[in-house]
There are 2 protein chains.
Amino acid sequence: MALPETRSEQLARALEDDICAGRALPGMRLDEQVLAQRFGTSRTPVREALKMLAAQGFVEIRPRQGAVVVGLDVRQVLELFEIMAVLEGLCARLAARRMTPAERADLMAVHAECQRLAAAGDPDVYYAMNTRFHEVIYAGSHNRQLEEETRRVRNRLSPYRRNQLHQLGRVAKSVQEHDDVVRALLEGDPDRAESLMRRHIGIQGDGLSDFVSNMSTPQAVSNPPPALAGTLGRPTIVQ
Amino acid sequence: MALPETRSEQLARALEDDICAGRALPGMRLDEQVLAQRFGTSRTPVREALKMLAAQGFVEIRPRQGAVVVGLDVRQVLELFEIMAVLEGLCARLAARRMTPAERADLMAVHAECQRLAAAGDPDVYYAMNTRFHEVIYAGSHNRQLEEETRRVRNRLSPYRRNQLHQLGRVAKSVQEHDDVVRALLEGDPDRAESLMRRHIGIQGDGLSDFVSNMSTPQAVSNPPPALAGTLGRPTIVQ
DNA sequence: ATTGTGCGTCTTGCATGCATGAAGAGGACT
DNA sequence: AGTCCTCTTCATGCATGCAAGACGCACAAT
């Protein structure tokens, strides 16, 4: 069954992964030849992969000037968070109505695991389980398009979220908010589930200023509006 | 200033336009060579354009089997409408808080024009102005990412919306709903604006059954899950 | 010292060539 | 007759080649 995957798709996934995982930092130049050599192919599939990533907003291709990992400034990140909040909110709303008993059990299990890891204290380990928690809810929406869309926005934001949980008390707060969401979901209350999830994702009140001040951690070369992107945070040549 | 546009970008825009405008119907085969000839280029930029469109969900590329315009089945269309509703809802919410006086004036002008055209009676003419109405609200959100995202989903749905307004009384209803939204926007009531917009976009109650029964108008070759897509609505070879 | 000009180098954008794998036609066999 | 198999044909996936545009540097002029 395993449908054959073309090189360009493999490359696109690999590069997207590099970006999401923070191995390719915003502003980093993606040289076609270098990538081609790195992956042992010609430039053609590399170019196709870059085009795909560009179409999804992960990289920016300036004609005749090559591709760089998109660097979002504070404003753009906040914009994406606004989107993320409603998408995840919709996931929760739909999940409240549509999750099967098996999915509900799954949710509870993952949530319990989250609680356990939160108590354990390592934010990075918690982060992984936190991701799974949200994934369960995406799936629970029974809306594939929404699932993909939400995941895509999440991935675009991921370089900027890594450190979010390292703030003091953030993990505990996160898991508490999860708890509220889970309750609403299991009670089948779509309105409350949506509203709670939106609050959970949205950066509000203190969270906002905390986030903004901690942001620009991944050397965010602001690039699109000002035609600089190479003046201050000089596009590091990728290995 | 006019930044140079590469062939592949031109092609991508042209093809997306063909799809949105219904000139390229769902299920239609997009032959690389034919397109290359049609646009007077080699296959390379055509391939890159197709990859971009694939990354955005407009076409589907099955390895070694070429690209086809994505055909959405009823379920997928409804899924996208669910997304669309919250995205447009968010636009309205943000617009209610953020629109400048000039933008508000713009909104009123376009709305008035909508009312005029609705009374005039031609659904297709109204459709164009209706699009502008929504665009004004996208812009009013002052959230570029949201604007693009919403427009993208809208475009994906456009082949399936064309006939929606041809239903008896739909135009009148649409313009009435606009009126409610406008009122909430101008009063600066984000909650109401969002909620009204969600209802406006969402297909609910009668709207749903009406829509579903009228759907599958563009010969929607359901393709992704079942590996057929070529059995019933045989991929028409594009000119 | 700073700014403007010209050249050289390099990367990108696109064209072309070739091999692999898929769809279809035709025939043999059940 | 229907089914399976083989062979042919052809489109796709990828590699390579080539020209144009961008960047950097040196040098000259102010």
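Note on naming: letters A, B, ... go to the chains in the order of the sequence lines (proteins, then strands), and numbering restarts at 1 for each one.
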Q) Do the side-chain N or O atoms of B/Arg43 get closer than 4.0 angstrom to the phosphate oxygens (OP1, OP2) of C/dG13? A) no
Q | A/Gln65 vs C/dT11: side-chain N/O to OP1/OP2 distance below 4.0 Å | A | no
Q: Just compare C/dT12, C/dA22, C/dC14 and give me whichever is closest to any side-chain atom of A/Asp31.
A: C/dT12
Atom pairs and distances, side-chain donor-acceptor, residues 88-95 of chain A, under 3.5 Å, sequence neighbours left out:
| residue | atom | partner | partner atom | Å |
| --- | --- | --- | --- | --- |
| A/Glu88 | OE1 | A/His134 | ND1 | 2.9 |
| A/Glu88 | OE2 | A/Tyr138 | OH | 2.7 |
| A/Arg93 | NE | A/Glu194 | OE1 | 2.5 |
| A/Arg93 | NH2 | A/Asp191 | OD1 | 2.5 |
| A/Arg93 | NH2 | A/Glu194 | OE1 | 3.0 |

Q | Rounded distance (Å) that lies between atom P of C/dG13 and atom CE of B/Met52 | A | 10 Å
Q) Where each residue is assigned the nucleotide of DNA chain D containing its nearest heavy atom, which of A/Arg64 and A/Ser42 is assigned the position nearer the 5′ end? A) A/Ser42
Q: Would you classify A/Thr44 as touching base, sugar-phosphate or nothing, given that sugar-phosphate means primed atoms plus P, OP1 and OP2, and contacts are heavy atoms under 4.0 Å?
A: base
(Q) If you apply the rule salt bridge (Lys or Arg N to Asp or Glu O under 4.0 Å), what do you find for B/Arg152 with B/Glu149, and how did you get there? (A) CA-CA 5 Å; B/Arg152 210 173 60 78; B/Glu149 211 42 46; 3.3 Å; yes
Q. Among the nucleotides C/dC14, C/dT11, C/dG21, which one has an atom lying closest to any side-chain atom of B/Ser8?
A. C/dC14
Q) If only side-chain N and O atoms of A/Arg47 are considered, is one of them under 4.0 Å from the OP1 or OP2 phosphate oxygen of C/dG13? A) yes
Q) Rounded to the Å, how far apart are A/Leu50 CG and C/dT11 P? A) 15 Å
**Q.** 5' to 3' contact window, DNA chain D with chain B (heavy-atom distance under 4.0 Å)
**A.** D/dA11 to D/dG13
Q.
Could you tell me how far apart A/Arg7 (CZ) and C/dA19 (C1') are, to the nearest whole angstrom?
A. 12 Å
Q: Show your reasoning for whether salt bridge (Lys or Arg N to Asp or Glu O under 4.0 Å) applies to A/Glu48 and A/Arg43.
A: CA-CA 9 Å; A/Glu48 292 179 352; A/Arg43 281 173 47 221; over 6 Å; no
Q.
Is there a salt bridge (Lys or Arg N to Asp or Glu O under 4.0 Å) between B/Arg156 and B/Glu79? Walk through the geometry before answering.
A. CA-CA 12 Å; B/Arg156 286 228 283 156; B/Glu79 289 184 356; over 6 Å; no
Q) How about B/Glu103 and B/His142: does a side-chain donor come under 3.5 Å of a side-chain acceptor? A) yes
Q) Under 3.5 Å, side chain of B/Tyr160 to main-chain N/O of B/Leu72, donor-acceptor pair present? A) yes
(Q) Using whole Å, what does the distance between atom P of nucleotide C/dT12 and atom CD of A/Glu48 come to? (A) 15 Å
Q) Are the charged groups of A/Glu60 and A/Arg62 less than 4.0 angstrom apart, N to O? A) yes
